[in-house]
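Numbered from 1 within each chain, the chains take letters A, B, ... in sequence-line order.
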Amino acid sequence: MSVSVSSRQQILDRVRGGTKSVSKPKEALAEAYAALPRDYVRAGRLSREACLELMIERLREYDAEVVECTPGELPAAIASQLALSGKHVFVAPPALPAEWLAAGFDWKVDHDLTSAEIEVAEGVVTAAFCGVADSGTIVLHHSDTEGRRVLTLLPDWHLCILRASQVVETFPEYLGRCQQAPTLVTTISGPSATADIEMTRIKGVHGPRFLHVILVNDQGA
Amino acid sequence: MNFGYLVSAMRASLFITCYNDTLFPETGRAVVTLLERLGVELDFHPKQTCCGQMHANTGFRGEAFSQAKRLVRLYQDTETIVVPSSSCVAMIRDQYPGLIQELGNAELQQQFRALLPRIYELSEFLIDRLGVEDVGAYFPHRVVYHASCHGLRGIHLGDRPWRLMNKVRGMEQIALPNLDRCCGFGGTFSVKNAEVSSAMLAVKMQDVMSTGAEFCTALDNSCLMHLGGAMHRQYAGMKTIHLAEILASTEAAPAEALA
Amino acid sequence: MSHTANHPVLDPRFAQPFPKAVLPVLRNPQLRKNVAHAIDVIQAKRAKLVAEKTDWQELRTAASAIRTHALENLGFYLEQFEERCTAAGGTVHWAADAEEARKIILDILHAENASEVIKIKTMTSAEIQLNPFLEASGVKAYETDLAEIILQLGEEEPSHIVVPALHVNRSQVREIFSRTMGLKDLSDDPKELTNAARNYLRQKFLKIPTAISGANFLVAETGTVVVVESEGNGRMCLTLPKTMITLAGIEKVLPRFQDLEVMLQLLARSATGERMNPYNSLWTGVTPGDGPQRFHVVLLDNGRSSILAKKTERQTLKCIRCAACMNTCPVYRQTGGHAYGSVYPGPIGAILTPQLMQMHYAQSLPYASSLCGACYEVCPVKINIPEVLLELRSQVVNQERGKFVRFFDPMYLGLRVASVLFSRAWLFHTAQFFGGIGARLITRKDGWIHSMPSVGGKWTQTRDLRGFPSQTFHGWWAARGQQPSKEAK
């Protein structure tokens with residue numbers, strides 16, 4: 001497993017040689033980058049209500065189930081969703097609030113669960129980092145409440161708890177919420193899907209086939 | 001009808017283009033009829049030949065250089081140039097800048113920069129320069145308009161053709177499905193990749209024929225030569241006609257194509 | 001060439017010229033129907049979602065500028081990516097050409113004792129013909145994207161860069177799956193077929209500890225890799241294995257994380273006509289406890305740096321592989337992808353392939369376009385494909401025109417002669433005169449030419465040509481006495 005120094009040098013030399021007449025000196029690079037045109041829409045234009053409505057509408061277009069509740073109602077809302085799913089074995093990220101782990105179900109909290117253990121779970125409950133209304137996207141940064149990547153991948157049913165305050169309208173607004181660039185990101189826009197056979201959209205290939213979202217109104221009524 | 005009052009002493013020179021000169025002189029005659037009716041004092045430079053598009057598009061850049069140079073020099077003192085072919089205008093606007101820059105002749109570049117804004121495609125000339133939409137035309141027929149790629153995407157004619165057609169008396173317009181799809185002509189493409197070109201033509205012919213129009217019109221005789229050739233081969237019963245000929249047509253002097 | 005599979009490989013070095021290669025396709029109505037159906041569906045979806053985006057042109061402008069800036073300063077950004085990725089626990093390899101990339105990957109697989117590998121769809125791996133090489137070296141590669149499974153099991157070649165099996169219809173998929181998976185009772189319902197693929201792969205995802213991916217983007221600022229997908233097979237390959245190998249062209253680098261807000265919005269809408277594709281995965285080196293703990297990136301040049309060196313052609317490398325150009329291309333709509341003889345078909349393939357081949361092969365591809373400009377109009381990063389096509393055509397002519405065989409080639413001869421004729425009006429007019437006489441000899445009574453000699457015969461295969469008029473326009477003008485007539489009746 002050796003780094004081929006000669007090829008590295010050769011490629012970089014050719015790249016630098018080929019761009020000599022247009023490349024900027026290192027010191028001037030940041031300035032040149034800052035001058036790039038960015039006239040696209042960054043901040044959303046919708047009211048809070050309209051933004052949340054759009055998020056719900058987009059999620060439903062993806063066939064995701066969406067329910068709304070207040071922070072106080074959340075544990076009950078989770079329990080109700082779990083009950084409606086008809087499933088019993090659920091995995092949960094390690095730091096998921098204890099009151100979310102509804103009684104009467106078989107919970108496997110992820111303290112180094114193996115893939116095989118996660119594979120036999122029927123569902124997963126997680127928090128999220130952000131929701132983007134424009135595209136109905138749920139963003140996971142895989143924190144201790146959002147879970148490792150494998151957690152939201154193998155179980156066929158995913159219940160995601162999204163707080164209204166986490167919902168932004170545009171994708172650029174999501175990036176604006178990142179204090180620093182995250183190292184792991186998964187964005188989910190509807191359940192896994194394919195259109196590879198005659199462009200017929202089929203829901204549910206390898207990722208979870210069922211996405212449920214509880215939107216928690218944490219910004220006051 | 002005399003529209004001379006619309007424009008006083010507007011002068012323009014007609015660049016007919018090589019293939020119109022050779023194969024479609026009726027289009028040139030129609031432009032003359034139309035513009036003179038509108039009071040334009042029209043001129044024709046006898047030394048004109050070709051803009052170089054065929055060479056440039058086939059990869060013969062050296063040859064295209066000399067034709068670009070020739071055209072710029074020929075028209076350096078001309079006030080306004082009218083071209084009834086959007087693909088030739090697209091050639092001048094899209095390809096000349098690169099060609100002329102590459103030639104590296106500062107004087108020529110200067111002449112070209114000065115010339116460029118004086119070159120008008122026919123519908124641009126009518127609408128942007130003369131400011132007319134109603135040219136007093138009468139053409140009592142069902143017509144489908146084919147938007148040539150160079151008119152549509154090359155020089156962005158936009159709604160100009162429709163603004164002119166909407167004012168033609170007696171004419172029924174039928175919309176062409178898949179308006180923005182190429183007819184498959186593409187200059188030497190039509191012989192270099194004849195089979196693909198023919199397949200594209202077949203698809204376009206289906207759309208064109210589905211309109212049931214009597215005439216298919218466009219602002220490029222090159223596409224019309226392609227479509228017309230297929231219509232004639234297939235006994236399709238539809239004819240092609242350059243939009244200039246429709247616009248020139250009046251009750252008293254109908255288009256030559258109707259003869 | 002070392003491939004074991006007994007089917008044609010899309011290799012520009014052995015491909016037929018485009019005008020010849022299209023012939024079997026044009027005679028295959030089923031194939032043409034499959035292709036036209038698929039791209040009509042994607043195009044309609046794309047058009048709808050682009051229309052709703054009020055800032056589409058601004059996004060394109062930004063994307064074009066970002067990609068141009070990244071390419072112009074690629075040396076800096078490549079090194080920055082290497083540094084940040086390495087700092088995050090990844091290992092970066094550099095491959096000057098396809099052979100070196102294959103060897104690097106095989107060496108990693110040998111070090112891992114891997115006899116099997118799972119793969120996420122990557123056109124770059126098809127470009128370097130990785131699968132046949134691995135197979136010949138004793139490593140079984142399993143494609144996991146549904147379209148790629150169809151191709152792999154059916155021993156077919158990709159015909160599109162986003163939907164590689166769009167030329168195969170459901171009954172053909174049913175036949176392939178039923179034969180290779182031993183599923184006798186499989187129906188041709190896409191849902192059932194998709195499910196068959198899910199079952200076929202599930203255990204492989206869980207058992208095979210080594211994976212290969214491509215990359216949609218590399219972020220220099222953070223050392224992050226981005227993979228865009230729909231099915232979740234990508235997430236499986238990126239998450240479950242112990243070792244991950246990412247193969248990426250050197251041009252895939254974006255300067256900063258923020259650039260993704262432009263690129264991801266454009267890519268999803270352009271590629272599949274979605275506001276956002278179901279999954280985007282971003283990872284940075286190795287994350288303890290989450291995903292592969294050994295991570296390699298292979299940066300591939302394979303002709304890219306020579307494209308980078310040329311002013312007009314450089315924009316080719318801005319491409320983000322959305323395939324919008326092929327979906328809108330009227331030529332591709334007729335021919336599908338195989339006729340291009342390359343894993344990169346359509347307009348972008350017509351400019352990229354000959355350049356990757358250093359203009360030694362695929363010289364017919366720059367001519368595989370009517371120059372209609374639809375590709376440029378839809379390109380999310382504003383690659384002026386017609387401009388590059390013309391540049392490459394002139395390079396082909398420069399290569400060819402000195403050759404003896406081209407001296408009598410009717411096209412070359414005709415254009416050379418035409419150039420002389422256009423240089424003087426009197427020569428042009430004389431040629432019109434004699435051309436008119438010649439044309440009259442072959443004009444029928446109906447005033448049309450039904451059959452022409454030489455290259456003209458290509459025209460009259462399917463169209464007639466109206467006979468030459470008796471008077472040219474300039475002849476008419478001269479006869480008119482050059483005085484503007486007042487009375488236009």
Side-chain angles (χ1 to χ4, degrees), chain A residues 1 3-4 7-8 10-12 14-19 22-24 26 29 32-33 36-41 58 112 115-116 119 132 134-137 142 148-150 153 171-172 175 178 181-200 202 205-207, chain C residues 38 41-42 55 58-59 61-62 65-66 69 72-76 93-96 100 107-108 111 146-147 163 165 169-170 173 190-191 193-194 198 206 222 230-233 235-236 239-240 250 255 257-258 261 265 275-284 287 289-291 301 305 308-309:
Chain A
M1 223 188 307
V3 178
S4 170
S7 284
R8 177 184 186 281
Q10 189 192 335
I11 293 168
L12 283 170
R14 281 198 298 215
V15 164
R16 290 221 159 85
T19 54
V22 287
S23 62
K24 299 273 182 304
K26 224 170 173 170
L29 209 53
Y33 178 86
L36 297 177
R38 288 181 188 270
D39 300 325
Y40 51 88
V41 174
R58 292 280 188 256
D112 297 325
S115 296
E119 169 76 354
V132 183
D134 179 51
S135 54
T137 300
H142 304 287
R148 294 187 294 149
R149 289 179 291 173
V150 63
L153 180 59
F171 204 80
L175 288 201
C178 300
T183 55
L184 277 184
V185 182
T186 303
T187 76
I188 301 171
S189 308
S192 96
T194 183
D196 275 343
I197 301 173
E198 293 188 17
M199 306 313 295
T200 311
I202 303 296
V205 192
H206 306 295
Chain C
V41 172
I42 313 177
D55 57 345
E58 288 79 8
L59 282 167
T61 302
I66 291 166
H69 172 89
E72 289 180 349
N73 300 286
L74 190 60
F76 174 85
H93 309 257
W94 301 71
E100 191 176 8
D107 286 348
I108 299 170
L146 178 56
V163 202
N169 66 21
R170 62 179 73 187
V173 176
K191 196 167 180 147
L193 295 169
T194 304
R198 178 185 166 105
L206 291 164
T222 54
S230 295
E231 296 173 9
N233 64 308
R235 292 180 67 196
M236 291 282 187
T239 308
L240 296 174
I250 52 171
F257 196 78
Q258 189 197 3
E261 72 188 23
Q265 291 199 72
R275 293 191 181 88
M276 194 57 77
N277 42 286
Y279 300 130
N280 294 315
S281 290
L282 288 70
W283 73 99
T284 312
T287 304
D290 191 339
D301 184 340
S305 57
L308 192 65

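- Ranking Gly18(A), Pro182(A), Ser189(A), Gly207(A) against chain C, the residue ahead of the rest is Ser189(A), based on heavy-atom pairs under 4.5 Å.
- In terms of non-hydrogen atom pairs under 4.5 Å with chain A, the most contact-rich of Thr61(C), Leu282(C), Asp301(C), Thr284(C) is Leu282(C).
- No other option in Asp112(A), Val132(A), Thr186(A), Asp196(A) has as many heavy-atom pairs under 4.5 Å with chain C as Asp196(A).
- Taking 4.5 Å as the limit, every side-chain heavy atom of Glu198(A) sits out of range of all side-chain heavy atoms of Val41(C).
- Between Asn73(C) atom CG and Thr19(A) atom OG1 the span is 7.0 Å, to the nearest 0.5 Å.
- Within the 4.5 angstrom heavy-atom criterion, atoms from both the backbone and the side chain of Ser230(C) approach chain A.
- At a threshold of 4.5 Å between non-hydrogen side-chain atoms, the residues Val15(A) and Leu308(C) count as touching.
- Between the side chain of Arg16(A) and the backbone N or O of Gly75(C), at least one donor-acceptor pair lies under 3.5 Å.
- Across Ile188(A), Thr200(A), Val150(A), the residue that shares the most heavy-atom pairs under 4.5 angstrom with chain C is Ile188(A).
- In this structure, chain C has heavy atoms under 4.5 Å from both the backbone and the side chain of Arg149(A).
- Listed by chain and residue number, His69(C) satisfy the ring pair (Phe, Tyr, Trp, His ring centres under 6.0 Å) test with Tyr33(A) (two or more places apart in sequence, or in another chain).
- Proximity to chain A involves both the backbone and the side chain of Glu231(C), based on heavy atoms less than 4.5 angstrom apart.
- Here the side chains of Lys24(A) and Phe76(C) are not in contact, with every heavy-atom distance at 4.5 Å or above.
- Taking chain A as the reference chain and counting heavy-atom pairs below 4.5 Å, the highest number among Ala62(C), Ala65(C), Pro190(C), Ala95(C) is found for Pro190(C).
- In this structure Phe171(A) satisfies the ring pair (Phe, Tyr, Trp, His ring centres under 6.0 Å) test together with Tyr174(A), sequence neighbours excluded.
- Only the side chain of Leu206(C) has a heavy atom closer than 4.5 Å to any heavy atom of chain A.
- Thr287(C) touches chain A through its side chain: at least one heavy atom from C-beta onward sits under 4.5 Å away, while N, CA, C and O do not.
- Among Ile11(A), Thr137(A), Asp134(A), the residue making the largest number of heavy-atom pairs under 4.5 Å with chain C is Ile11(A).
- The shortest side-chain heavy-atom distance between Glu58(C) and Val41(A) does not fall under the 4.5 Å cut-off.
- Interface remark: of the candidates Ile250(C), Asn169(C), Ile42(C), Asn169(C) forms the most heavy-atom pairs closer than 4.5 Å to chain A.
- If you tally non-hydrogen atom pairs under 4.5 Å between each of Pro172(A), Ala32(A), Ala195(A) and chain C, the highest count goes to Pro172(A).
- Both the backbone and the side chain of Thr194(A) come within contact range of chain C, with heavy atoms under 4.5 Å apart.
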